[in-house]
Protein chains: 2
Amino acid sequence: MSLQHAILTALLEKPSSGLDLTRRFDRSIGYFWTATHQQIYHELARLEDSGLIRAIPAERPAQGQRKEYEVLPAGRAELTAWVARSEDPRRSREPLLLRLRAAAVVGTGSGGGLAAELERHLELHRRQLAEYEEIEKRDFPEPRDAAAEPDRLRHLVLRAGIELENFWITWLDRALTSLRQ
Amino acid sequence: MSLQHAILTALLEKPSSGLDLTRRFDRSIGYFWTATHQQIYHELARLEDSGLIRAIPAERPAQGQRKEYEVLPAGRAELTAWVARSEDPRRSREPLLLRLRAAAVVGTGSGGGLAAELERHLELHRRQLAEYEEIEKRDFPEPRDAAAEPDRLRHLVLRAGIELENFWITWLDRALTSLRQ
DNA sequence: GGAGACATGTAAACTGTTACATGATTAG
DNA sequence: CTAATCATGTAACAGTTTACATGTCTCC
């Protein structure tokens, strides 16, 4: 159900069309929950059916026309309830760790291919970190404790992203050293 | 496809029945890739169909009877190829971070429910960390660099688990402080 | 022979991805 | 008018979860 809640959050931040949402899921919201445009259109239809959002009436309601949605009171209520709901953390799925474990069994075959792959991932994580740090500099210039709650929460989420990327960078670096040993 | 590769790895480590695998997916392998028994039986059947594994012939081949599988050469070859294959990291899905972001929009409603939930997650991560540290003490007593490659790789994977749990513990602690402010 | 654990499996629903279809608008 | 882009959608499939079905073995 998380995707519906992600969409509700995004729409509360700003009423949007399906394509707008798709773009925001390529950054921002999407850093912690991805979705394709097909999935988003699908969930928008379901959310509208259940009365949690509605399409803002337009002059020209035709196919191929931009359709903007906004959250209804029932949608806000559902999101508020979800925030405090008890939900176990999903058990993680990390294909890269799985692969190292497979490498421990079948060997790295001189290690070249695996090392190249780890380096590629390292570079991707470095880029993501740079992007997050750019956002932090731009959006959260004040010290964290000084801000009001909404900004404190948003900053916390961004910090989680930054620290996760830092973890991967440190870990991949060490893995590469160990692989070359 | 990762589940099939996880199963191949597990079976190379030790030929097993479906239920054995299910148990190992509740710990060990399962720390980085989870699966239910239904899914495991399904993938075992597919792997057998594609000739990557085979059921070890038994005396009494009946339903409700234990059926043990082992990896065939084609299966080992597939796993070896996968280890060095290029594959983008999956974009992450973190419902908890999504929830904090939703909280930034709809408010925390005095914060009680959300704080309790964060505390619950904190406790779960502390337990997982303790479990990992127990395993480290038991399986990797020597310094990391001294060991041979297979053990170095396995230790690296475990260290990733430990450091990820440490990240969550630190972050959740900070989030709780911020929420109570 | 009955209870409970062991073991394998089927079916349906849900979630997510990939490929494709189609109309509207805008720039040249 | 044409090409490119914007925008919404359908269809098929793959992956995952949940609920249920069924047979076997062991202990009492």
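Predicted, not measured: the structure shown is a model, and the values here were computed from it. Numbers restart at 1 for each chain; the letters A, B, ... are given by sequence-line order, proteins then strands.
- For B:Tyr41 and C:dG9, the shortest distance from a side-chain N or O to OP1 or OP2 is not below 4.0 Å.
- In this model, the phosphate group of C:dG9 is not approached by any side-chain N or O of B:Gln38 to a distance below 4.0 Å at OP1 or OP2.
- Residues B:Phe140 and A:Trp171 fall within the same hydrophobic cluster, defined by Ile, Leu, Val, Met, Phe, Trp and Tyr side chains chained together at heavy-atom separations under 4.5 Å.
- Atom-to-atom, OH of B:Tyr69 to C1' of C:dG9 comes out at 10 Å; the value is rounded to the nearest Å.
- Distance alone, capped at 3.5 Å, places no donor-acceptor pair between the B:Arg24 side chain and the B:Leu11 backbone.
- OP1 or OP2 of D:dT8 lies within a sub-4.0 Å distance of a side-chain N or O belonging to A:Ser17.
- Rounded to whole Å, the distance from NE2 on A:His42 to C1' on D:dA12 is 14 Å.
- Put simply, A:Arg66 has no side-chain N or O that comes within less than 4.0 Å of OP1 or OP2 on C:dT25.
- Nearer the 5' end of DNA chain C, as judged by each residue's closest nucleotide, is the contact made by B:Arg23, out of A:Gln39 and B:Arg23.
- Spacing between atom CD of A:Gln4 and atom C1' of C:dG16 amounts to 14 Å, rounded to whole angstrom units.
- Between B:Tyr41 and B:His37, the two ring planes are perpendicular [angle over 60°; tilted spans 30° to 60°].
- A salt bridge links B:Arg120 with B:Glu117: the closest approach of a Lys/Arg side-chain nitrogen to an acidic carboxylate oxygen falls below 4.0 angstrom.
- Candidate nucleotides C:dT17, D:dT16, C:dT8 were compared by shortest atom distance to the side chain of B:Leu19, and C:dT8 ranks first.
- Base contact: B:His37 has a heavy atom under 4.0 Å from a base atom.
- Counting to the nearest Å, the P atom of D:dC6 and the CG atom of A:Leu21 are 16 Å from each other.
- At whole-Å resolution of the value, CD1 in B:Ile7 and C1' in D:dT16 are 13 Å apart.
- Nearest nucleotide to the side chain of A:Thr36, out of D:dT17, C:dT17, D:dA7: C:dT17.
- Between B:Lys67 atom NZ and D:dT24 atom C1' the separation is 15 Å, expressed in whole Å.
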Checklist entry - side chain to side chain donor-acceptor pair (under 3.5 Å) between B:Ser2 and A:Arg93: does it pass, once the steps are laid out? => result CA-CA 9 Å; B:Ser2 285; A:Arg93 299 218 153 128; over 6 Å; no
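- We find that CG of B:Leu44 is positioned 9 Å from P of C:dT8, with the value rounded to whole Å.
- Regarding B:His5, its NE2 atom lies at a distance of 15 Å from the C1' atom of D:dG15, rounded to whole Å.
- When each of A:Arg46 and B:Glu68 is assigned the nucleotide of DNA chain C with its nearest heavy atom, B:Glu68 is the one assigned upstream, toward the 5' end.
- At C:dG16, none of the side-chain N or O atoms of B:Arg90 fall inside 4.0 Å of OP1 or OP2 (strictly under the cut-off).
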